Novice: 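A single structure is presented below for examination.
For the single chain, residues carry numbers from 1 onward in sequence order. For clarity, every value in this text was computed on a predicted model and none was experimentally measured.
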Amino acid sequence: MGGASGSKNSGPKHMLPEIDWLNSYHRTIVTSSLIQGVYLLQREKQKKVNSQSYLWWESFGFSLVKQLINEDDDSIYGAVFEYNTNNPHSGMPPRSVVAFRGTLLKSKTWLSDVEGGIQCFFNNLNKGSRFQQAIQAVQTVLEKNTTETTSVWLAGHSLGAGIALMVGKTLAKNGVPLKTFAFNPPILSIPLEKLPVIDMVKGMFRFTESVIKGTFALLAQKQTQDDDPRVAAWTPYLYVNPSDGFCSECINILKYKIFMALIGLGKFESIGAAISFRCLTFGIESGEPIQLLSSAVMLVNKKKSDDETTNVLMKPWYKFKKAHGLEQWWEPNPAWDCHSFRSSEPRMD
C-alpha cells in the first residue's frame, strides 16, 4: 500500500493518487499530515524560515483558512483547513479539519506548552485558553456546515490530541459528535505494564483502585457519562504506541475497561474513572480525565523501527522520540492492532 513519507520539513514525497476517505490508513495519513503542517507553521514563524509547510495540506487538497494563536506567547497551536473538492477521491471527505499540534520545547513556546501539560496532569485542560478558543473556532466552522456536522473533523497530536478529545467530548454532550483523531494522546497514569511485577499483581492493583475510586464516587453521588447517550455515540480514534510512556497506558486502561464491563462492573468502573487521586492529593478541583471515554477505537502501532543510534546515552531519548513522534503514522506499510470499546458492546477486534 502506498503512502505519504518523507522529510518532516519538506512535505510528503509520495502522494496518494486518489484518497479513499473510507480507508482508515488514508484518513490517518491525511489527518496526521495536517497536524504536521501546524507544527511547521509555528516553526516557520519562530525561525522565520520557509519549510514549505503548505505541502502538508495542499498535497491532499486542503487550504489553510485560519490559524489559532495562543494569547500568551502569540504562538500557533492550531489551524482550520478546508478541503478543495477538485481533487479526485472516493467516499465522503471532510469539509473542514481543525488540527492541533503538541508541545514544542522551544524558547518562545515551551512555557505555555508545559502549562498545557500541567493542565492535563490535573485534568483541567478544558479550563485553559487554548481549549476555549478551540471551541469557538470549531463552532464557527460548524456554522458554515450546519446541515452536515459529519463533514467537520478534529485532529491533534500529544497535547493537541488532548485538546481535540476534550473539544470533541464537549460538543458530543451538546449533541454534535465530530469525527476525532487523537495521535499519542497524553494519558497520565501509572504505567503498570512497564513495572516488573506479575500480571496478577497488576490486576489486583487496578481492581483495588477501581473499588476505592468507585466507592468514593458513589458517596459523592457522581454520575457516569455513560448515562448520556450523546456522549456514548461519539467514538474517537486513538493512535498509540506501546513504547510511548505518555500514551501506552491507554492500551491497558481500555483492556481493563472491557474486562470490567464483561464481569458486569462496567458502570462502577466508569464512575470511578472520573475520580483523580492526583487532584484529591493536591486538593485541586478535578475536571474529566482525557481518557474518560464511553466509546473508542484504538489503533496500536506494532511496527518495530529499523533505525538505531550508536550513542548509548541517546538511545532511550531517541526511542522515545520515535515512539511519541507524529511521523510514524504516515509511514508506508503500517502494522496496527485495532481494539474497540462501546459502552453497550465491549469487544476486542
Side-chain angles (χ1 to χ4, degrees), residues 35 38 42 66-80 98-105 108-142 154-178 180 182-189 213 216-217 220-225 228 230-231 234 236 238 246-247 250 253 270-294 296:
I35 299 168
V38 179
Q42 172 55 30
K66 182 179 178 61
Q67 298 178 0
L68 302 182
I69 308 297
N70 187 69
E71 59 184 19
D72 296 327
D73 56 13
D74 200 38
S75 63
I76 302 169
Y77 72 91
V80 180
V98 186
F100 309 97
R101 68 165 175 86
T103 299
L104 280 174
L105 296 178
K108 294 184 179 180
T109 60
W110 75 269
L111 186 60
S112 61
D113 286 353
V114 169
E115 181 182 358
I118 295 173
Q119 290 170 343
C120 284
F121 185 79
F122 290 111
N123 303 329
N124 287 318
L125 189 59
N126 60 335
K127 295 183 179 180
S129 60
R130 292 189 184 186
F131 170 82
Q132 300 297 334
Q133 185 186 25
I135 283 285
Q136 293 176 0
V138 174
Q139 289 176 335
T140 299
V141 173
L142 286 170
L154 305 174
H157 173 248
S158 192
L159 175 60
I163 295 176
L165 287 171
M166 293 306 298
V167 170
K169 183 188 295 186
T170 300
L171 292 172
K173 290 179 180 179
N174 294 323
V176 186
L178 302 183
T180 305
F183 297 88
N184 302 82
I187 308 300
L188 299 174
S189 181
K213 293 167 66 175
F216 184 90
Q221 296 183 333
K222 287 184 173 291
Q223 293 183 337
T224 171
Q225 66 180 17
D228 190 339
R230 297 171 300 179
V231 178
W234 172 64
L238 311 180
F246 279 153
C247 70
C250 182
I253 289 174
S270 293
I271 61 174
I275 300 294
S276 168
F277 282 142
R278 293 190 299 273
C279 296
L280 292 175
T281 301
F282 289 95
I284 297 176
E285 184 180 354
S286 174
E288 292 184 349
I290 292 173
Q291 67 268 27
L292 185 61
L293 303 170
S294 299

Novice: Looking at CG of Leu178 and CG of Leu171, how far apart are the two atoms once the value is rounded to the nearest 0.5 Å?
Specialist: 5.5 Å

Novice: Out of curiosity, Thr170 OG1 to Ile135 CD1, how far, rounded to the nearest 0.5 Å?
Specialist: 4.5 Å

Novice: Taking side chain as C-beta onward, heavy atoms only, is Ser294 less than 4.5 Å from Arg230?
Specialist: no

Novice: Quick one: pull up CG in Leu154 and NZ in Lys169 and give me the separation to the nearest 0.5 Å.
Specialist: 13.5 Å

Novice: SG/Cys250 to CG/Leu238 distance, rounded to the nearest 0.5 angstrom?
Specialist: 5.0 Å

Novice: Does either side chain, that of Thr180 or that of Trp234, offer a donor lying less than 3.5 Å from an acceptor on the other one?
Specialist: yes

Novice: CZ of Phe131 to CD of Gln136: how many Å apart, nearest 0.5 Å?
Specialist: 10.5 Å

Novice: Given Leu159, which partner from the list Leu104, Leu125, Asn184 fulfils the side-chain contact (heavy atoms from CB on, under 4.5 Å) test?
Specialist: Leu125

Novice: If you take all heavy atoms of Pro236 and Leu165, which pair is closest and at what distance?
Specialist: CB-CD2, 3.7 Å

Novice: Ignoring hydrogens and angles, tell me if any N or O in the side chain of Arg101 forms a donor-acceptor pair with the backbone of Ile76 under 3.5 Å.
Specialist: yes

Novice: Could you measure the distance from the OG atom of Ser158 to the CZ atom of Phe246? Nearest 0.5 Å is fine.
Specialist: 7.0 Å

Novice: Can you find a side-chain donor-acceptor pair between Tyr77 and Gln67 that sits under 3.5 Å?
Specialist: no

Novice: For Asn174 and Val176, indicate whether the former's side chain and the latter's backbone hold a donor-acceptor pair under 3.5 Å.
Specialist: no

Novice: For a quick test of reading the model, state the closest non-hydrogen atom pair linking Gln132 to Lys127 and the distance between them.
Specialist: NE2-CA, 4.4 Å

